[in-house]
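Quick caveat, the model's predicted, so the values are computed rather than measured.
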Amino acid sequence: MNNKYFLPKDGGLIAKDVPEDLLHRYEKIPTSVFEHEQSAVSYVADIVADAIKAHEKEYAGERPFVLGLSTGKTPIGLYRELVKRYEAGLIDFKNVIVFSLDEFYPTKKDSMQCRNYYIRHEFLNLINIRPENVHIPDGNVSPNDITKYCEQFEKMCRIDLMIIGTGANGQIGFNEPGSYEKSKTRLVQLSHDAKQTQSIFFSSLENTPDMAITMGIETILKSEKIVLMAWGEDKTDIIKSVVEGEITNQKPATLLQLHDNTEVVVDETAAGKLTRVVSPWLVGKCDWTPKFTRKAVVWLCREVDKPILKLTHNDYIEHSLGGLLEAKGPYDKINIDVFNDLQHTITGWPGGKPNADDTFRPVSSKPFPKRVLIFSPHPDDDVISMGGTFIRLVEHGHDVHVAYETSGNVAVHDDVVLQNIDTARELGFGDRYNEIKAIIKAKKKGDTEPRPLLDIKGAIRRAEAKAATRSFGLDESHVHFLNLPFYETGGIKKGALTNKDIDIIVNILREVRPQQIYAAGDLADPHGTHRICIEAVLGALETVKDDEWLKECHMWLYRGAWMEWDLGMVDMAVPLSPDEMLKKRHAIYKHLSQKDIVPFPGSDNREFWQRAEERTQNTAKLYDKLGMAEYQAIEVFVKMF
């Protein structure tokens, strides 16, 4: 299914009036920015198709076209687009040779955990490529033969078009920070950080391979053309470095600047820190809508470290905001307008204040109470990310429902299962301890989780979610577990979003008929769980678009545990008192399986309640620095419609 999720646009650069050389003036690698992943992969698919056709025309089948492919999730959308075009007869792969970038070592070819799982199952198995033309690093080569194998692989690599992605630290394949520019195909030892990142696919750090086979930097740079793709806001920092930064082997992807035929293709969120996105007034003329004006003023406040009402005419001029002064000035009027605009985002009544003048309030006073439906990707995202607002809505008497989109079962450690089963045994509710222990012991590295174990883990997470909402008075009949099928693969790698998922959400929407919807609006990896969940909600809303109840419904987006909305985008800010912060923390505490021994903690060692509190407190500090009232914490939301 096509990606539907991108944030509403409001003002910005008038790109059609900007000459190409000015648009790309800060870029060291030509960069194409697309609204969302789907339009970007369509563009890259055109590059692939045109290159294959041009090669066939030039060589008439005498020399195969050689295509280099990246592993990981970034190219999944491209593979699906290429398959679609192949099935439509628009592209032919019979005279194409494929080389894959890397593979874990050792690893089984048919394992879901292997790096090339997606390449095989989303692409190669579905097209007419000849088996002898597929060259994927062999994770089963014996240690005695691995050096010779890598040398032979290197000699064969003469790539016409290389399609790659990059990790958040700039790694290309397993060329990690510090990799040598002249490196070739080789066996590499994975760093602790790399192993921790990859451990989500292997249930634990201990089960993660220590090594990998990877093309080298020099191998990649020998390609005739290179296309680097990146999607989602978790890639914004590295794309900024690759496109506009200095070359350093501490960020290997920056070495692509040495190649004279490289193009970077990104969606708008991955491009979020490029100069033409962060401060487009440095590039060309802009459409100064109120929200875009606020974005510029908030940026200026950070640049000069001043609150809004202390900005001066010279501050605007010295930071290339003369165009804003011409369009909306004088400066003091802009200051007051933006101050009032930001002030009006703050409300203690996220469901609307009854019998109040709501002219300048983000939420209308009527109807009151409202029917509210909160979508939570996992069984704890609701209380982690918008727990204070959730509690406030319940306490204000709104008809609040929460729908947990996925079971979250793979994020429960085996030890937690045994503890719960042991508790049931000690209470006399049945003794399945040895049975479950045997299932856990029989698990094999790389295999999917056994279904009986997944069922128990899902039950644990459901009980925790009910305990969390019960802690602040939500009726259990208003707690819904959707168990979307795309998630239920038994491993970290998820299935594609289908109509089965969307139909489940359509049913809950039509059951509740909400007047307010809250959903996690994460802009990270389009194939990650949070992003798939918002795509599912938007797909369902497309289905119900003609329903009468939707006419008075509004949708609010919150963020996940790691990032927050930029204040230039915020439409509603809900301040929390110290007591409300404590209630939120206690609700998060109810998710006991996610404390201390979470299987996939990532690089952030803080517990979820700590991440949540620090984020909302930092948001409150930002409002304070801009000259707003000082609050203990603030949860912020963007209005989708």
Side-chain angles (χ1 to χ4, degrees), residues 28-29 68-75 99-107 114-116 137 139 141 143 146-147 149-151 153-154 157 159 162-202 205-223 226-230 232 234-260 262 264 266 270 273 525 600-605:
K28 298 176 181 179
I29 299 178
L69 297 178
S70 177
T71 55
K73 291 192 287 185
T74 297
F99 281 88
S100 173
L101 183 60
D102 55 40
E103 185 54 274
F104 291 121
Y105 183 85
T107 190
C114 78
R115 288 282 284 175
N116 287 277
V141 174
I146 191 67
T147 299
Y149 173 82
C150 290
E151 290 173 354
F153 194 93
E154 176 71 22
C157 282
I159 297 169
M162 186 78 209
I163 307 293
I164 58 175
T166 180
N169 294 322
Q171 59 269 44
I172 306 175
F174 283 109
N175 295 287
E176 297 184 57
S179 293
Y180 183 43
E181 176 191 331
K182 298 295 182 181
S183 59
K184 299 182 178 181
T185 302
R186 66 205 186 281
L187 185 68
V188 296
Q189 187 83 25
L190 299 186
S191 68
H192 176 77
D193 286 347
K195 283 191 64 175
Q196 188 153 14
T197 299
Q198 300 300 327
S199 67
I200 63 172
F201 303 113
F202 293 90
L205 190 64
E206 295 74 26
N207 289 333
T208 306
D210 294 317
M211 308 188 84
I213 302 169
T214 185
M215 288 185 193
I217 299 293
E218 183 178 271
T219 320
I220 295 166
L221 292 178
K222 285 191 299 187
S223 305
I226 300 172
V227 176
L228 172 68
M229 304 187 301
D234 48 341
K235 298 295 178 67
T236 54
D237 288 326
I238 191 56
I239 290 301
K240 169 75 171 176
S241 296
V242 170
V243 175
E244 297 182 359
E246 299 300 319
I247 295 174
T248 169
N249 67 351
Q250 293 305 308
K251 297 177 181 178
T254 62
L255 293 165
L256 295 174
Q257 293 179 21
L258 300 172
H259 194 277
D260 60 6
T262 293
V264 173
V266 294
K273 291 189 178 179
D525 172 24
F600 320 118
S603 58
D604 191 335
N605 292 322

Set of residues satisfying salt bridge (charged side-chain N to carboxylate O under 4.0 Å, His left out) with respect to Glu206, sequence neighbours excluded: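 Glu206 satisfies salt bridge (charged side-chain N to carboxylate O under 4.0 Å, His left out) with no other residue.
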Neighbour count above 12 (heavy atom, 6.0 Å) for Lys240 NZ: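 It does: Lys240 NZ has more than 12 such atoms within range.
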Lys184 atom NZ, neighbour heavy-atom count above 12 within 6.0 Å: no
Side-chain heavy-atom pair [X], [Y] within 4.5 angstrom cut-off:
X      : Y      : value
Gln189 : Asp210 : yes
Leu190 : Met211 : no
Leu255 : Asn175 : no
Val141 : Ile213 : no
Gln198 : Arg115 : yes
Met229 : Ile163 : yes
Ile220 : Leu101 : yes
Thr214 : Ile172 : no

Nearest atoms (heavy-atom pairs only) where [X] meets [Y]:
X      : Y      : value
Gly216 : Arg186 : CA-NH1, 3.4 Å
Ala230 : Ala270 : O-CB, 3.5 Å
Pro106 : Pro209 : O-CG, 4.1 Å
Ala212 : Phe174 : CB-CD1, 3.3 Å
Met162 : Ser223 : CB-OG, 3.5 Å
Pro75  : Ser70  : CG-O, 3.3 Å

Intermediate values then yes/no, side-chain contact (heavy atoms from CB on, under 4.5 Å), Leu256 and Ile164: CA-CA 11 Å; Leu256 295 174; Ile164 58 175; 3.9 Å; yes
[atom2] on [Y] to [atom1] on [X], rounded to 0.5 Å:
X      : Y      : atom1 : atom2 : answer
Ile217 : Tyr180 : CD1   : OH    : 12.0 Å
Ile29  : Asp260 : CD1   : CG    : 11.5 Å
Met215 : Ser100 : CE    : OG    : 6.5 Å

Glu181/Leu258 under side-chain contact (heavy atoms from CB on, under 4.5 Å): CA gap, chis, key distance, verdict: CA-CA 10 Å; Glu181 176 191 331; Leu258 300 172; 3.7 Å; yes
Test your reading of the model: is there a side-chain donor-acceptor pair from [X] to the backbone of [Y], 3.5 Å cut-off?
X      : Y      : answer
Lys235 : Thr166 : yes
Gln257 : Val242 : yes
Thr185 : Cys150 : no
Asn116 : Gly72  : no
Gln250 : Gly170 : no
Thr254 : Thr248 : yes
Gln171 : Asn169 : yes
Asp237 : Ala168 : no

NZ/NE/NH1/NH2 to OD/OE distance under 4.0 Å, Glu246 and Lys28: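 A salt bridge links Glu246 with Lys28.
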Geometric class of the Phe153/Phe99 ring pair [parallel <30°, tilted 30-60°, perpendicular >60°]: perpendicular
Residues in side-chain hydrogen bond (donor to acceptor under 3.5 Å, both in side chains) contact with Thr219, at least two apart in sequence or another chain: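 Per chain and number, Thr219 pairs via side-chain hydrogen bond (donor to acceptor under 3.5 Å, both in side chains) with Glu154.
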Sequence-distant partners of Tyr105, ring pair (Phe, Tyr, Trp, His ring centres under 6.0 Å), two or more places apart: none
